[in-house]
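This report concerns only the one structure given below.
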Amino acid sequence: MNYQKQKGTVDILPEEGKKWQYVEQVLRTIAGVYNFKEIRTPMFEATEVFNRAAGETSDMVSKEMYTFNDKGERSITLRPEGTAGVVRAYVENKQFALPETPNKYYYMGPMFRYERPQKGRQRQFNQFGVEALGVESPTLDVEVIAMAVTIFESLGIKDVSVVINTLGDQMSRASHKEALINHFKPHIDELCSDCKTRLEKNPLRILDCKVDRNNPLMASAPKTIDYLTDEAKSYFEEVCELLDSLEIKYVVDSNLVRGLDYYSHTVFEVISSDERLGAQSTLCGGGRYNGLVKEFGGPETPGIGFAFGMERLMMVADIEEEVEGLDAYIMTAGKDGANLGLQIATMLRVNGLSVEMNHQETRSFKSQFKSVDRNNTHFVIIVGQDEVDKEAVQIKCVHDKEQQEVKLENILEFIENHLGGHDHE
RNA sequence: GCGGUCGUGGUGAAGUGGUUAACACAUCAGAUUGUGGCUCUGACACUCGAGGGUUCGAUUCCCUUCGAUCGCCCCA
C-alpha cells in the first residue's frame, strides 16, 4: 500500500515550522499596523461560490479546482483562493452594516489547486491576503499596495517591482468587450477552441491565451486603456500619482490581465526576479473588485485586496533564526532515577522551565550527553541511584562545566538563580 | 494536459552485464563498568523505487508503472 503524501503537498517539519511562525508573526504585526483584522473562513465552500466569483471560464475554476460531492450530494470545493470566501462571509454576516468603513480583513491559510507541481507551486499551498471593503478611493488602493510592498521590504526581499494596470469601470469594460468581440469575431476560425468559448463568455481572456499568443490578431487587438471612461482614467491617474508621492516604484503594464474575472479598475502584481523562485516570478497579485459583493447578494459595495503565496515568500525572505535551547536536561540511570527524574522534570516545567529528560533505562551517560549538546542545554541534572538514596542530585552547568550537589528541595531555586548568569551561546 | 532529468543504507553519494555493492556523515556499542563534544575499534543495504522482458546471469540493458524534481501552460 502506498502511504506517501499526496502529490503537491508537503510536510513542514519542526525546523521549517519555526520559520513559518516567524513569518506569520511578521505578517500579523504588519496587518495590525495597517489596521486589518483577521478573518477565518471555511476551507471548503459550495462550488458555486468560486464559480460565481472567479468566473467559470477562468483556468482556476475550469480545471484546477478540487470539487466533489459530499454525502449529502452537495457540490463542495476546496478553496482555491481567499477572496470569494471572504466576500461570501462578508455578505452572509452582514458586515456591510457595520458603521466603520472600510472593513479591513486579513487571512492566511491553505488553498488548493489541482496543478502539476513545480518549484514554487504546490497543490496545497498557503496564502496571506487582505480585503478592504466598503470604500472606493485611490488612497485606499494605494494603501493596500503600500502594505504589500511593506511586507516584502520587512522580510528583506529585494528585486521586487510593482506592476499595475486598470481594467476600468463597468462602462469601460463593456465598450472594450464589444470592441474585442468585433475585432475577433470575423477571424474566430483562426483561433484555438478555448478562444472560441472565450469569445462568448469572456473575450478579455482571449488576450491571455497561450496558444494564440503569437497571432497577429493579438497585437492589433483593442487595448483596455483606450476604452476607459474619463472617470476611470482619472481614477487610475490618481492612483499613479499617489504611488509617486509615497515613492513606491511601479511600472504600468497595459497587458496585465489578472486570471480571475472579478477584477475591475486597479489591478496589480508584485513580481521578483530572484532566481530562487524558479519559473514563478509573481509573488503577489491583487486588485479592485467593485461588483463582487453585489454578486453575492449584498448591497453595491466596492472592495480591493491582494494575496500572495507564503511558500514563494519564504523562498526569498530573510528569516531571523532564533537559537532555541533547553534550560535543563535530566540524565537518568536506573528505574528509580527515571522515576525521580520525572518528578523533577514536572516540577521544573510547572515553573515554566524548558526541560527534557532521558526515558531510556539502558542509555549510557555518554549518549545522554549527546542529547544534552543537541538540545543546546544550559544545565544537566543527573539522577541515578546515588542521588535517589541521598535525596540530592548533581547539577552541572554545560557552559563552565562546574558541577555540584543540590538537595531535591533546592533544585528550582538553584536553577533559577544561575540561569541568568550565562548566555546560551 | 505536455516535455526534460532523476530514483542505490538513517543521510549524502560512488559503481559494474557476473555475487564480498566503494566512501563519507549520522546512529549504536566498546576502549573509558555514573560524566559528552577528540581518538581508536566494531556494528549497520536479505525489493540497488515497483512490475515485466532480454540474458547462462541484471542493481547495471529494454519496456511499463509509481514517485521526486525542473520546465511549458497557468497562477500565488
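Scope of the values below: all heavy atoms of this structure, side chains included, with no hydrogens, waters or symmetry mates. Values in this document were obtained by computation on a predicted structure and should not be read as measured data. Within every chain, numbering begins at 1; the chains are lettered A, B, ... in the order of the sequence lines, protein sequences first and strands thereafter.
Going from the C1' atom of C63(B) to that of A26(B) covers 38 Å, rounded to whole Å. When the C1' atom is used for both G49(B) and A43(B), the distance is 27 Å, rounded to whole Å. Using atom C1' as the reference point in both C6(B) and A14(B), the two lie 16 Å apart (nearest Å). Rounded to the nearest Å, the gap between the P atom of U69(B) and that of U64(B) is 23 Å. When the P atom is used for both G30(B) and A22(B), the distance is 27 Å, rounded to whole Å. Of the P atoms belonging to G51(B) and C75(B), the separation is 42 Å, rounded to the nearest Å. Nucleotides G17(B) and G53(B) place their C1' atoms 15 Å apart, quoted to the nearest Å. Look at the C1' atom in both C61(B) and C48(B): the space between them is 16 Å, to the nearest Å.
Put simply, NZ on Lys63(A) is 11 Å from C1' on C75(B), counting in whole angstrom units. Between Ile271(A) atom CD1 and C75(B) atom P there is a gap of 14 Å when expressed in whole angstrom units. Atom-to-atom, CD1 of Ile206(A) to P of C74(B) comes out at 14 Å; the value is rounded to the nearest Å. One can place CG of Leu277(A) at 17 Å from P of C75(B), the figure rounded to the nearest angstrom. Protein atom NZ of Lys7(A) is 17 Å distant from nucleotide atom P of G7(B), rounded to whole Å. As rounded to whole Å, 14 Å separates atom C1' of C74(B) from atom CZ of Arg116(A). The CD-C1' distance, from Gln360(A) to U27(B), rounds to 12 Å in whole Å. Asn126(A) has its CG atom 15 Å from the P atom of A76(B), to the nearest Å.
Comparing Ser367(A) and Lys396(A) along RNA chain B, the residue whose closest nucleotide (by nearest heavy atom) sits nearer the 5' end is Ser367(A). Each of Glu81(A) and Val10(A) was assigned the nucleotide of RNA chain B with the nearest heavy atom; the assignment lying further toward the 5' end belongs to Val10(A).
Across all strands shown, the partner of G18(B) is C56(B), judged by Watson-Crick or G-U wobble contacts whose two distances both fall under 3.5 Å. Base pairing analysis places G3(B) opposite C70(B); the two distances defining the Watson-Crick or G-U wobble pair are each below 3.5 Å. A29(B) and U41(B) make up a base pair, with Watson-Crick or G-U wobble contacts both under 3.5 Å. Look at G12(B): its Watson-Crick or wobble partner, with both distances under 3.5 angstrom, is C23(B).
When heavy atoms are screened at a 4.0 angstrom cut-off, Gly120(A) is found touching base atoms of the nucleic acid. Glu115(A) comes within contact range of at least one nucleobase, with a heavy-atom separation under 4.0 Å. Contact annotation for Gln122(A): base contact, defined as any heavy-atom pair under 4.0 Å involving a base atom. Gln280(A) comes within 4.0 angstrom of a nucleotide base, judged by non-hydrogen atoms across all strands. Using a 4.0 Å heavy-atom distance criterion, Arg121(A) is classed as a base contact.
Contact annotation: Gln118(A) side-chain N/O to U69(B) OP1/OP2 distance is not under 4.0 Å. Put simply, Lys370(A) has no side-chain N or O that comes within less than 4.0 Å of OP1 or OP2 on G37(B). OP1 and OP2 of A29(B) both lie 4.0 Å or more from every side-chain N or O belonging to Arg363(A).
Glu38(A) CD: more than 12 foreign heavy atoms inside a 6.0 Å radius.
The residues Arg288(A) and Asp141(A) are annotated as salt-bridged, a charged nitrogen and a carboxylate oxygen being separated by less than 4.0 angstrom. Salt-bridge annotation for Glu115(A) and Arg121(A): present, with a side-chain N of the basic residue lying under 4.0 Å from a carboxylate O of the acidic one. Between Lys396(A) and Glu402(A) no salt bridge is recorded (no basic side-chain N to carboxylate O distance below 4.0 Å). Between Glu16(A) and Lys19(A) there is a salt bridge, with a side-chain nitrogen of the basic residue lying less than 4.0 Å from a carboxylate oxygen of the acidic one.
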Pick out the pairs of N or O atoms, protein on one side and nucleotides 30-34 of chain B on the other, that lie under 3.5 Å.
residue: A31(B); atom: N6; partner: Lys366(A); partner atom: NZ; Å: 3.2
residue: G34(B); atom: O6; partner: Gln385(A); partner atom: N; Å: 3.4
residue: G34(B); atom: O6; partner: Asp386(A); partner atom: N; Å: 2.7
residue: G34(B); atom: O6; partner: Asp386(A); partner atom: OD1; Å: 3.2
residue: G34(B); atom: O6; partner: Asp386(A); partner atom: OD2; Å: 3.1
residue: G34(B); atom: O6; partner: Glu387(A); partner atom: OE1; Å: 3.4
residue: G34(B); atom: N1; partner: Glu387(A); partner atom: OE1; Å: 2.7
residue: G34(B); atom: N1; partner: Glu387(A); partner atom: OE2; Å: 3.1
residue: G34(B); atom: N2; partner: Glu387(A); partner atom: OE2; Å: 2.7

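A distance-only check finds no donor-acceptor pair linking the side chain of Ser172(A) to the backbone of Leu228(A) [under 3.5 Å].
Relative orientation of the His265(A) and Tyr235(A) rings is tilted, given thresholds of 30° and 60° on the angle between their planes.
Annotation: cation-pi geometry satisfied between Arg123(A) and Tyr114(A) (NZ/CZ under 6.0 angstrom from ring centroid, within 45° of ring axis).
A donor-acceptor contact closer than 3.5 angstrom is absent between the side chains of Gln6(A) and Gln124(A).
The minimum heavy-atom distance linking Leu277(A) with Arg312(A) is given by the pair CD2-O, 3.6 Å.
The ring of Phe369(A) does not lie on top of the base of G37(B); it is either too far (5.5 Å or more) or too tilted (30° or more).
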